[in-house]
Amino acid sequence: MYIGRFAPTPSGPLHFGSLIAALASFLDARASGGRWLVRIEDLDPPRCMPGASDMILRQLEAHGLGWDGKVVHQSARTEAYREALEQLRGLALAYPCTCSRSAIRASASRMGREGPIDPGTCRTRHLKPGHPHAMRLDTRGAVAAFEDRLHGLIQQDIAHELGDFVIWRVEDLAAYHLAVVVDDAWQGVTDVVRGSDLLDSTPRQVWLQGILGLPQPRHMHLPLALAANGQKLSKQNLAPPLSMTQPTGQLIEALRFLGQPATDELVDGTPGEILDWAVRHWRPSSIPRAASPA
Ligand code: GLU
């Protein structure tokens, strides 16, 4: 059975960009007769805004986006992430690392997709117990590929493009990539539909799924909505929150953004009526690939 999900980070209320991800993942699930789950990715306390989780759920409800089952909060899942970390340690792939950002900058011989590449200084270092450390994965030789439903074959030489990435942070928190892979498997997610800002993260996640023996979901990465300055619409660049009083207009705009030609009669519909129409007419093949202004 199809199981989809929407996995917002509660760093603020939803904006138009997040509505696109929520709506597309909802429609793809419902058009396949599947379930649609909501997972609040509140892993990182300093990034979470008080009250944002409740606000997000109310915004989803106001737009008729009803989820199945209980909302999962990542903050309650630390033990599961720790088990996965132990599994990776058991495979001799995870190792403690005490390097600061500036040490990595100083020792890196190359720049990768996400900054200077850690040369693996701590791979063979023996740490004294009690020393604060992150955990990195030994990525030597790691390459990953997956077939995106919109973008086709995506391949990444993880060792070369990212290097040994962090899976457990020095603050004693699971890193996003580990948590997302553990949760998607635990929740039985078959289909990940999310923004293209995460396209670069997926090979890493697919590789982790392989190592941990977890199933690999299908993926579809959606075009990004751009702010007036050409950057991704985001909470950081102060995208306005979705209005609770104009769900109809926002849903129609989001449908059009996704290449689903919402007809003018829908303007008078309720969110539920618009979503019923959209489920019946859902055509993922019409979703544009390129980012465009919101
Ligand atoms: N929590 C991530 C975000 O809000 C999305 C993670 C995902 O869909 O895998 O950007």
Side-chain angles (χ1 to χ4, degrees), residues 3-29 35-49 52-57 59-60 65 67 71-77 80-81 84 114 144 146 148-151 154 165 167 169 173-209 212 214-227 231-239 241-242 258 287 291 294:
I3 302 183
R5 51 52 157 200
F6 175 55
T9 302
S11 51
L14 300 180
H15 51 77
F16 185 71
S18 16
L19 177 61
I20 289 166
L23 179 62
S25 59
F26 173 91
L27 294 176
D28 205 53
R35 287 166 61 78
W36 187 64
L37 313 178
V38 172
R39 180 170 76 226
I40 299 287
E41 300 210 318
D42 54 353
L43 264 185
D44 184 1
R47 274 192 71 200
C48 297
M49 191 181 111
S53 301
D54 285 345
M55 177 71 181
I56 287 172
L57 298 178
Q59 286 175 306
L60 291 174
L65 297 165
W67 55 89
V71 173
V72 166
H73 285 77
Q74 287 193 324
S75 53
R77 299 262 309 138
Y81 310 144
E114 294 179 355
F146 72 97
D148 185 88
R149 288 166 60 194
L150 282 186
H151 299 269
I154 305 283
F165 59 90
I167 46 158
R169 295 168 40 181
L173 294 172
Y176 157 69
H177 298 293
L178 184 65
V180 98
V181 155
V182 168
D183 286 340
D184 280 343
W186 176 64
Q187 295 186 285
V189 169
T190 60
D191 283 78
V192 172
V193 175
R194 61 186 177 189
S196 290
D197 51 330
L198 291 164
L199 197 52
D200 258 1
S201 299
T202 306
R204 229 172 312 184
Q205 295 175 3
V206 163
W207 182 64
L208 263 176
Q209 279 151 355
L212 291 167
L214 304 174
Q216 183 185 322
R218 289 196 306 165
H219 287 91
M220 177 155 72
H221 288 86
L222 305 162
L224 295 181
L226 303 179
Q231 285 182 352
K232 174 197 157 197
L233 206 61
S234 68
K235 291 157 202 156
Q236 286 75 16
N237 66 29
L238 303 179
L242 287 177
L258 287 166
I287 301 174

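Atoms within each ligand, like the ligands themselves, are counted from 1 in listed order. This chain uses plain numbering: 1 for the first residue, then up along the sequence. Since the structure is predicted, the reported quantities are computational estimates derived from the model, not experimental observations.
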message: Using modelled atom types and a 3.5 Å cut-off, is there a donor and acceptor pairing between side-chain atoms of D148 and backbone atoms of H221?
response: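 The answer is yes, because a donor-acceptor pair under 3.5 Å joins these two groups.
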- prompt: If only atom types and distance count, is the side chain of H73 paired as donor or acceptor with the main-chain N or O of S75 below 3.5 Å?
  reply: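 Between the backbone of S75 and the side chain of H73 there is no qualifying donor-acceptor contact (under 3.5 Å).
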query: Would R39 and D184 pass as an ion pair if we require N to O under 4.0 Å?
result: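 Answer for the salt bridge query: yes.
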Region of L198 engaging ligand 1 - heavy atom pairs below 4.0 Å: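 L198 to ligand 1: side-chain contact only, backbone stays beyond 4.0 Å.
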Region of Y176 engaging ligand 1 - heavy atom pairs below 4.0 Å: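 Contact part for Y176 vs ligand 1: side chain (C-beta onward).
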task: May I ask whether Q205 places a heavy atom under 4.0 Å from ligand 1?
output: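 Flag not set, Q205 not near ligand 1.
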- request: Evaluate the ring planes of F26 and W36, with Trp represented by its six-membered ring, and classify them as parallel (under 30°), tilted (30 to 60°) or perpendicular (over 60°).
  value: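 The arrangement is perpendicular - the two ring planes meet at more than 60°.
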With atoms numbered from 1 as shown, which atoms in ligand 1 lie under 4.0 angstrom from a non-hydrogen atom of [X]?
X	answer
R5	7 (C), 8 (O), 9 (O)
R194	7 (C), 8 (O), 9 (O)
E41	1 (N), 2 (C), 5 (C), 6 (C)
V180	9 (O)

Does [X] reach ligand 1 with a nitrogen or oxygen that is under 3.5 Å from one of the ligand's nitrogen or oxygen atoms?
X	answer
A7	yes
R39	no
T9	yes

- prompt: Less than 4.5 Å apart, any side-chain heavy atom of V72 and any of R5?
  reply: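 Of all side-chain heavy-atom pairs linking R5 with V72, none is under 4.5 Å.
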task: Could you tell me whether the side chains of D183 and Y81 share a donor-acceptor contact shorter than 3.5 Å?
output: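 Side-chain D/A pair, D183 to Y81: present.
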message: Regarding R35 and T190, do their side chains bring together a donor and an acceptor under 3.5 Å, going by distance alone?
response: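 The criterion, which ignores hydrogens and geometry beyond distance, is not satisfied for T190 and R35.
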